Enquirer: 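Before I ask anything, let me first share the structure, which is written out below as structure tokens.
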Amino acid sequence: MASAAGEVRLIGAWPSPFVLRPRVALNLKGVEYEFLQEKFGEKSELLLRSNPVYKKIPVLLHHDKPVCESMIIVEYVDEVWATTGQAILPADPYERALHRFWAVYVDDKWFPSMFGIAKAETEEAKAESAEQAWAGLKLLEEAFEKLSKGKTFFGGDTIGYVDIALGAYLGWAKVIEQMTGLKLLDEEKTPLLAVWAERFCAHEAVKEVMPETEKLMEFAKMRLGK
Amino acid sequence: MKAVVLLDFWASPFGQRCRIALAEKGVEYEYREENIHGDKSPLLLQSNPVYKKIPVLILDGKPVCESLIIVQYIDEAWPDRAPLLPADPYARAQARFWADFVDKKVRRCSPCVRSMSSIRNTAFLVPSNVFTHQVCESAKKLWTPKGEAQDAAKEEFIEILRLLEGELGDKKYFGGDAFGFVDIALVPFTTWFYSCETYAGFSVEEAVPKLVAWSKRCLERGSVAKSLYDPLEVYEFVKKIFG
């Protein structure tokens, strides 16, 4: 469904996994939007005005009204364009609670352990973070089995809320794998998630906006001075 | 076991959010107090294997965890009365944003144990979705008497309250005329204000009078009055932890 020019704008930056989330959601709904790429190291006036509380991307501007926080934006997109594209959250209240729970888990428990691997200054610290990350993925593998009900995605036949929450980190997960030699999404440890990751990245709504691993590596090296 | 069970602990602001929501909806439920001085019950461990924390809402044997997720669930499972979230998607996004803000910011200043291992089963006080060490650090600073660290923590806390007061403005409740999601997310923490003031030496009412007035309006609601405890009782509880 096309939108009038200027109706939907997204302030973001291509490397950010948080920005990826609303992009996938908008793509799933077929909503056209203008992507406003922030300059690195410099926050725009528009961003500061639109998100005065956190001053962070992503920010969705719908008819110039800002919505902040990636998963809140995803839910907003799901509700505003409820009759187009596919539902991102399921209809049943209990299922919705489960999807919300795992999305929160991804951000609050799993992401810090993954990020911990990248930040680790000793081999010991790295190994500890890796163990936590794998333990988290085991839980997510069980969650996938339960939520997917034998289908392709956490959302079933179509990409859903948890897919978006977790899938957004796959680009950076690959970078961390390359930088550390550790395999995060291991077919042996988490076979279902390993397959899911491929399918997610290959999806129409994702492949255009998921940053290439090489580009992310370059970006990481430049920004982190590694 | 009744159809709706809430695993909880009396002093937990997260559990109180759920109690308020259930009361607003007029839902009958069985309240089960978890004994925080003893072992976690098998039902809790089975219902919340990931975090092993209260509150947990169990509906016909199916558990829902995480207080704000529980409140949203309550709203959606009983849609025919007392809506807790507004109907308009933009207003809903704003409500979710500010409830999330309370979780990110106000919880950080809530009391925390000095060290995770020193006191068993008070894990309910530690928000599950904030990096534990950050919470402990910022809470330690606010609740440990005197010093620059406490002053800084106090300033940070007041700043957070001011932001919330700014969002409230002159409205009756955060959502406008209707009591709702953000009010529920924040109001339990207001019974900790007295403890914060006493430990850190400042007046919340002086800093954010409109917010304090809002909290009093909330307490006029039956759902809130019966779910929250007197600030003095909370203070006695805090003293047991922090001395």
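Below, all heavy atoms of this structure are taken into account, side chains as well, without hydrogens, waters or symmetry copies. Chain A is the first sequence line, chain B the second, and so forth, proteins listed ahead of strands; every chain is numbered from 1. All values derive from a computational prediction rather than experimental measurement.
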Enquirer: Checking B:W78 against chain A: side chain, backbone, both or neither under 4.5 Å from a heavy atom?
Expert: neither
Enquirer: Please check if the number of heavy atoms outside B:E33 that lie under 6.0 Å from its CD is greater than 12.
Expert: yes
Enquirer: My understanding is that only one of A:E75, A:H62, A:E79 makes a side chain to side chain contact (heavy atoms under 4.5 Å, CB included) with B:P89; could you say which?
Expert: A:E79
Enquirer: Counting only heavy atoms closer than 4.5 Å, note whether A:R96 contacts chain B via side chain, backbone, both or neither.
Expert: side chain
Enquirer: So, do B:F97 and A:Y54 have ring centers that fall under 6.0 Å from each other?
Expert: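 Distance test on ring centres: under 6.0 Å, yes.
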Enquirer: Before accepting this row, confirm whether a basic side-chain N of the pair B:K104/A:E69 lies closer than 4.0 Å to the acidic partner's carboxylate O.
Expert: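 Salt bridge present between B:K104 and A:E69.
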Enquirer: With a 4.5 angstrom heavy-atom cut-off, is it the side chain or the backbone of B:Q94 that approaches chain A, or both, or neither?
Expert: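 Interface part for B:Q94: side chain.
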Enquirer: With a sphere of 6.0 Å drawn around CD of A:E128, does it hold more than 12 non-hydrogen atoms of other residues, nucleotides or ligands?
Expert: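 Counting neighbours around CD of A:E128, 12 or fewer heavy atoms of other residues, nucleotides or ligands fall under 6.0 Å, so no.
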Enquirer: Shortest non-hydrogen contact from B:V50 to A:F101?
Expert: CB-CZ, 3.9 Å
Enquirer: Do other residues, nucleotides or ligands put more than 12 heavy atoms under 6.0 Å from the NZ atom of A:K146?
Expert: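 Result for NZ/A:K146: open.
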Enquirer: Please confirm whether the backbone N or O of B:P63 pairs with a side-chain atom of A:Y94, one donor and one acceptor, at under 3.5 Å?
Expert: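 Indeed, once roles are kept as given, a pair shorter than 3.5 Å links the two residues.
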Enquirer: Among B:I74, B:I69, B:I70, which has the most heavy-atom pairs under 4.5 Å with chain A?
Expert: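 Top option by heavy-atom pairs under 4.5 Å: B:I69.
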Enquirer: Is it true that A:K109 and B:E66 have a side-chain N and a carboxylate O under 4.0 angstrom from each other?
Expert: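 Judged by the 4.0 Å cut-off on N to carboxylate O distance, A:K109 and B:E66 do not form a salt bridge.
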Enquirer: For A:V67 and B:A93, which heavy atoms make the closest approach, and how far apart are they?
Expert: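 Shortest heavy-atom contact: CG1-CB, 3.9 Å.
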Enquirer: Around atom NZ of A:K126, are there more than 12 heavy atoms from other residues, nucleotides or ligands closer than 6.0 Å?
Expert: yes
Enquirer: B:R92 versus chain A, heavy atoms under 4.5 Å apart: side chain, backbone, both or neither?
Expert: side chain
Enquirer: Taking atom CG as the centre, does B:D80 end up with more than 12 heavy-atom neighbours from other residues, nucleotides or ligands that are less than 6.0 angstrom away?
Expert: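 Yes, enclosed.
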Enquirer: Is a donor on one side and an acceptor on the other found under 3.5 Å between the side chain of B:Y90 and the backbone of A:P66?
Expert: yes
